[in-house]
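Residue numbers start from 1 in every chain, and the chains themselves are labelled A, B, ... in the order their sequence lines are given, proteins ahead of strands.
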Amino acid sequence: MNDSAMRPLRPARNWALILGTLLGVTMMTVWSARGIGFSLTELACNLPGGSRLLVESWPPEFSYFPRLLAPLLETLQIAVVGTVIGGILAVPVAVLAARNLTPGVLVWFLDRNVMNVLRTLPDLFWAMLFAAAVGFGPVAGALALTVFTIAVISKLWSESLEAIDMGVPEAVRAAGGSWLAMLQFGAIPQALPHYVSYALYAFELNVRASMILGLVGAGGIGMVLETQRSTFEYPRVTLIVLSVLVIVLVIEQISEAIRRRLA
Amino acid sequence: MTSRPAIRFQDARVVYPNGAVGLAGIDLSIEPGEFVVVVGSSGAGKSTLLRAVNGLTPLTSGSVEVQGQVVPRKEGSELRRLRAQVGMIFQDFRITRRLSVMTNVLVGRVAHVPGWRAMFNLWPEADREVAFRALERVGMTEKAWVRAGDLSGGQQQRVGIARALAQEPAIILADEPVASLDPVTTHQIMRDLVRINQELGITTLVNLHFLDLARRYGRRIVGLRAGELVYDGSADSVTQADFRHIYGRDPDAGDLLDEDAAP
Ligand SMILES: Nc1ncnc2c1ncn2[C@@H]1O[C@H](COP(=O)(O)OP(=O)(O)OP(=O)(O)O)[C@@H](O)[C@H]1O
Ligand SMILES: [Mg+2]
């Protein structure tokens, strides 16, 4: 017997909503493009100028590479220091911001606000702030990335922590465990793979960011990039961009492998 | 001289924030070394009764005493010390799958060991010994270093029991400990609980769903209905009429683990 008559009909699509959304998005785009003077025709006319820059930048000046080694290494070191210190500090920040784990509403509220401030201010701001405090150089860069790392990991990881199963943490409390024991044995192990994943992600972002941070004198390859660009040494700029690209790709491969093993 | 009860409820009431009544004024005394099975239909208040003993669910009014000490209604060191004497076993095991069996069992020692030792996994030799003996008691010694999540359901529940035993508790609370296990494993786990009760004299309070299990393993049966104590008597003398009274209906095959046996 066929009981397809019992099956509910598929509800009709809301065409008005779909078309309305499309129209709205189109209108907003056109309005914004006009506002900033963005026009495709103008872009097309100016393409030759852009391609001239590309031609001038090619081929990369490979003989310059040996002088990049030290700054590249410094960039990695800045990223490592920033990721490790920031990664450690992000743990309490994330835990206190997780609604299910925080010991009190007041702590939760304050911590949330600290997190929002950290996240809202851009890494360039922190770099300039620390450069003013400890002087231009890699230390300022590492400190800026520390803050950036805390912001990235704590935001993502506090959400993972809020999604854990509270059964085991309750069992630890039932055994007479303190808040810390509850965290250590009940809560954090569940969200550990997420933590590692976010820390690796933060490291990738930090390697990339350290190129930009150099622009404000926070050390690393970015500082070399800025000097070469301002003296129109485009083949060298190309080499720098390529080296960073390769490093980022390699790091991405390694972290992907680590993530797969943890899953 | 009369001995001090292991657990004593006096006009114990629990009203949840949403207005649901968990316990509607319970008076109940359980003597040291007793093996008591709590039965009642879904929502009767069985879990609430157990969770009131270790303060996971605080009373709204009335009192619960454990070994003569009133269970505090607020979290804190006093409640933690009391919980250290009360082991709890859960329907869903509540062990940390990612950690080793040994670490899960050592969680039963958290209340006995300084926080920093637990934090850095520097458990005193004596506490490791207690954990090993607890594993021996449930026949899981050879699994000590296996990842807890790699065990079968019955084995995971044994880890849960070993964790409770590692507390060296005066009381064990088991909230439907066999509800997620197959019939064969169910009988093994129930026999383990009875044996532990007899060998170690630990006062045991077990919530059970199935009437035949209650009758077979309980010494004393307590019946709850809508938060009230409606039956309290020996498992040998409990009748069909008693069960009808507790459940407010005739028990049927669904109330039995072994559906072939007559109720
Ligand atoms: N956290 C809670 N918040 C609100 N109401 C609750 C809560 N826990 C239990 N209740 C209510 O309290 C009453 C007793 O619940 P309890 O969990 O103790 O019953 P139970 O006998 O263990 O049932 P089951 O056999 O389904 O486990 C029920 O009406 C239930 O809906
Ligand atoms: Mg229950």
Side-chain angles (χ1 to χ4, degrees), chain A residues 84 87-96 98-108 157 160-200 258-263, chain B residues 50-51 53-57 75-100 103-121 147-149 156 159-160 162-169 171-173 175:
Chain A
V84 170
I88 294 171
L89 294 179
V91 171
V93 177
V95 166
L96 297 180
R99 230 176 290 256
N100 51 340
L101 302 176
T102 194
V105 192
L106 187 67
V107 185
W108 175 84
W157 199 46
S160 309
L161 286 169
E162 284 185 344
I164 63 168
D165 167 28
M166 285 305 282
V168 188
E170 188 178 75
V172 178
R173 287 202 301 129
S178 61
W179 180 73
L180 277 177
M182 180 274 286
L183 286 180
Q184 186 188 355
F185 298 104
I188 290 180
Q190 290 184 55
L192 204 58
H194 290 112
Y195 175 81
V196 175
S197 186
Y198 296 147
L200 290 168
I258 297 177
R259 281 197 191 103
R260 262 201 306 276
R261 284 211 48 183
L262 271 173
Chain B
L50 255 59
R51 295 167 58 89
V53 175
N54 60 8
L56 285 182
T57 300
E75 295 287 329
S77 60
E78 200 193 336
L79 185 54
R80 283 207 303 278
R81 272 196 300 278
L82 186 139
R83 281 175 178 161
Q85 318 166 41
V86 183
M88 191 160 196
I89 299 163
F90 303 85
Q91 171 179 349
D92 51 350
F93 320 139
R94 300 201 177 176
I95 57 177
T96 302
R97 305 169 58 84
R98 191 168 289 283
L99 299 178
S100 71
T103 308
N104 272 286
V105 177
L106 280 168
V107 167
R109 300 304 298 163
V110 281
H112 303 262
V113 168
W116 63 270
R117 276 185 169 271
M119 173 80 76
F120 297 105
N121 216 18
R147 213 181 93 116
Q156 292 192 25
V159 176
R163 176 178 62 195
L165 286 178
Q167 291 177 236
E168 300 186 304
I171 296 169
I172 284 184
L173 309 169
D175 193 359

In terms of heavy-atom proximity below 4.5 Å to chain A, should [X] be classed as side chain, backbone, both, or neither?
{"X": "B:Leu56", "value": "side chain"}
{"X": "B:Gln85", "value": "neither"}
{"X": "B:Arg97", "value": "neither"}
{"X": "B:Val86", "value": "backbone"}
{"X": "B:Arg51", "value": "side chain"}

Can you tell me how far [atom2] of [Y] sits from [atom1] of [X], rounded to the nearest 0.5 angstrom?
{"X": "A:Asp165", "Y": "B:Thr96", "atom1": "CG", "atom2": "OG1", "answer": "9.5 Å"}
{"X": "B:Asn104", "Y": "A:Phe185", "atom1": "CG", "atom2": "CZ", "answer": "9.5 Å"}
{"X": "B:Met119", "Y": "A:Leu180", "atom1": "CE", "atom2": "CG", "answer": "5.0 Å"}

Option that, when pairs with chain B are counted at under 4.5 Å, heavy atom only, ranks first among A:Gly186, A:Ser178, A:Gly177, A:Ala175: A:Ala175
Selection residues 186-195 of chain A - residue pairs positive for side-chain hydrogen bond (donor to acceptor under 3.5 Å, both in side chains), sequence neighbours left out: none
With B:Asp92 via side chain to side chain donor-acceptor pair (under 3.5 Å) - residues at least two apart: B:Arg94
Contact origin within A:Pro193 toward chain B - heavy atom pairs under 4.5 Å: side chain
Chain B contact via A:Ala174 - which portion, at a heavy-atom distance below 4.5 Å: both
Shortest non-hydrogen contact from B:Ala111 toward A:Gly176: CB-O, 3.6 Å
Shortest non-hydrogen separation from B:Ala118 to A:Gln184 and the atoms involved: O-NE2, 3.2 Å
